[in-house]
Student: 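What follows is a structure written as structure tokens; I'll ask about it next.
Atom set for the values below is all heavy atoms of this structure, side chains included, hydrogens, waters and symmetry mates excluded.
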Amino acid sequence: MTTEQRIVEPRLLRGFRDYLPAQMNARQKIIATIRQVYERYGFLPLDTPAQEFRATLMGYGEENTKQIFSFKNPEEEDVALRFDLTVPLARVVAQYPDLPLPFRRYQVAPVWRADKPDPGRFREFLQFDLDSVGVSSNAADVEILCGMYDTLRALGIENFRVRFSDRKVLNSLLDYAGIPRDMAHGIFRVLDKLEKVGLDNIAAELTGGRVDVSGDKIPGLGLAKTSVDRIKEFLALPQGKRKHVLAGMASLFKDVPSAAEAVAELDFICTSLDALEIPDDRVTLDLSIARGLDYYTGPVFEAILTDAPEFGSVFGGGRYDGLVERFLGRKIPAVGASIGVDRLFAAMQKLGLVQMVSSTAQVLVTVMEPGRMNDYMKLTRRLRVEGINTELYLGEESGLGKQLQYANRQQIPVAIIMGSDEFANNEVTVKDLLLGATLQDRKKTAKGKERDAWLVLSRKAQVKVPASEVLACVREILARPRPA
RNA sequence: GCUGGCGUAGCUCAGUUGGUUAGAGCACCAGAUUGUGGAUCUGGGGGUCAUAGGUUCGAGUCCUAUCGCCAGUACCA
């Protein structure tokens, strides 16, 4: 068998991605920022296994089995990869009765879903969840909303909108419009598309159906005109300040008995958000959002980046008071939200909000005389012991130019040079590559004596110091102010 | 899943009504510069034209299937 026949094509499964170091550095920074916010709120870390018994993950009959990666383990048990972090959380709460409630935890971990990949949508993706279990007060919901707001701010995102509503609002709408509750699923699905397709198309889908731009037929739900008119009334409610929106809804639903609860819950949340001075334009009451069709029982939330709406919700959640009951037999209220880290990352990348850094090293020790490798190693170790991230050049290429080019490409800010001159005088040359880069432009026109002048100038970015002073010199350069 | 579009160098693409040896830019490598990195110049490597079959004297170009990607739609606890 020849080598060529034996080669396995390197490729990825659809919906799965590699994260190369530059992206990984950026992603880890995002994760660290989010974690910082959640710990500021006092949420506790938790981790659970990637695999669970299939039965654990399957709460609501068979309808969603096809989205779950499932298989048999060596013991022939039915197992599956978790598709979110909420169900495992419910399992944990039920399994460890000694956990003090309220149990407020955060968890960052990959989840798997076997559905069709889309932009910003993958089969394996990282979720970052925060949840409060055991709190029925809407104060917990407020805290989640604040956490969403603070997180997006902390990530440096200027233009985002957190929207919230309440499942009970839409149920009241069904009552108001005289639609049976068992049509809820279909109705909510259509309403959820409001922003995407517009009011006219929504009305068409609620009644007779329509044909979309690609020529696909979308069947209608066959609602009566009176029902659709009432839904339109609802969708035409005033927007703007939270309290204003709430008042509009309360007025519209004043004769709907089921609406009282929704109004009370949302009033609590709006009052709290106002008291906390969370801006109305960033965290808005948007009665049209549906979300979590069978899952949520009360307030629901989602966040979008307004400059990249095509990525959809990057952060969503709500209250799910019924979930733990499946494992425990009694109700434990819970509310939480989840960041789709990979989707958020993809959206931020598209908006240029992600700074790629391809190195973790602050200093590259170059090697000019391979025969004195021990000296390079010793200096490298000295720097590392002092807490400076240091890489010793290990490449096969030996030229100094090659090594500096390597440092430049890796965005390593400082290079250390030791050749025969330095060894003879017990000195070390320390080079500021970022400052040096600003002088690079002059190099192209510099020739002859001009070149000498350029070299003199460039030495401002490069100093020769006694070996004993390397550390101080490196620290001084690393402390120099840099343009962001 | 369904409908449509697209697969040419690492990347972005050009390639006439089927007709010699398939091109460009960027990137990469080397030299100009034997101890100095983003510029410039010169040169260089790199392609089973997604895969498999078919039509034809002749296929990157036409047909069929498969795979992949993109858009819409469906689904999304």
Student: With both distances under 3.5 Å as the test, what is the Watson-Crick or G-U wobble partner of B:A14?
Tutor: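 By the stated definition (distances under 3.5 Å), nothing pairs with B:A14.
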
Student: Find which nucleotide of RNA chain B each of A:G401 and A:R113 is nearest to by heavy atoms, and output the residue with the more 5' nucleotide.
Tutor: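 Result: A:G401.
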
Student: A:D421 near the nucleic acid: base, sugar-phosphate alone, or nothing, with a heavy-atom cut-off under 4.0 Å?
Tutor: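 The answer is base, as A:D421 lies within the cut-off (heavy atoms under 4.0 Å) of a base atom.
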
Student: Both distances under 3.5 Å, Watson-Crick or G-U wobble: report the partner of B:C28, or none.
Tutor: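 B:C28 is paired with B:G44.
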
Student: May I ask which nucleotide in the shown strands pairs with B:U21, Watson-Crick or G-U wobble, both distances under 3.5 Å?
Tutor: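 With both distances under 3.5 Å required, B:U21 matches none.
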
Student: Mind checking whether A:F128 and A:Y38 have ring centres under 6.0 Å apart?
Tutor: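 Ring-ring flag for A:F128/A:Y38: true, centres closer than 6.0 Å.
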
Student: Quick one: label A:F83 by what it contacts on the DNA or RNA (base, sugar-phosphate, nothing), any heavy atom closer than 4.0 Å.
Tutor: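 Contact class for A:F83: base.
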
Student: Is there a donor and acceptor pair closer than 3.5 Å between the side chain of A:Q403 and the base of B:G35?
Tutor: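 Flag unset: no donor-acceptor pair detected.
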
Student: Can you tell me the base-pairing partner of B:C67? Count Watson-Crick or G-U wobble geometry only, both distances below 3.5 Å, and say none if there is no partner.
Tutor: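 Matched B:C67 with B:G7 under the 3.5 Å cut-off.
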
Student: Could you tell me whether the phosphate oxygens of B:A30, OP1 or OP2, come under 4.0 Å of any side-chain nitrogen or oxygen in A:K402?
Tutor: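 True: A:K402 side-chain N/O within range (under 4.0 Å) of B:A30 OP1/OP2.
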
Student: Establish, with yes or no, whether the OP1 or OP2 oxygen of B:C76 is under 4.0 angstrom from a side-chain nitrogen or oxygen of A:R343.
Tutor: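 No.
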
Student: With heavy atoms under 4.0 Å as the rule, sort A:T86 into base, sugar-phosphate or nothing.
Tutor: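 Nothing: the residue A:T86, judged by heavy atoms under 4.0 Å, touches no strand.
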
Student: On RNA chain B, does the nearest nucleotide to A:Q411 precede the nearest nucleotide to A:E369 from the 5' side, or the other way round? Give the residue.
Tutor: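 Nearer the 5' end of the strand: A:E369.
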
Student: With sugar-phosphate meaning primed atoms plus P, OP1 and OP2, does A:E422 contact a base, only sugar-phosphate, or nothing at under 4.0 Å between heavy atoms?
Tutor: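 Since a base atom lies under 4.0 Å of A:E422, the category is base.
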
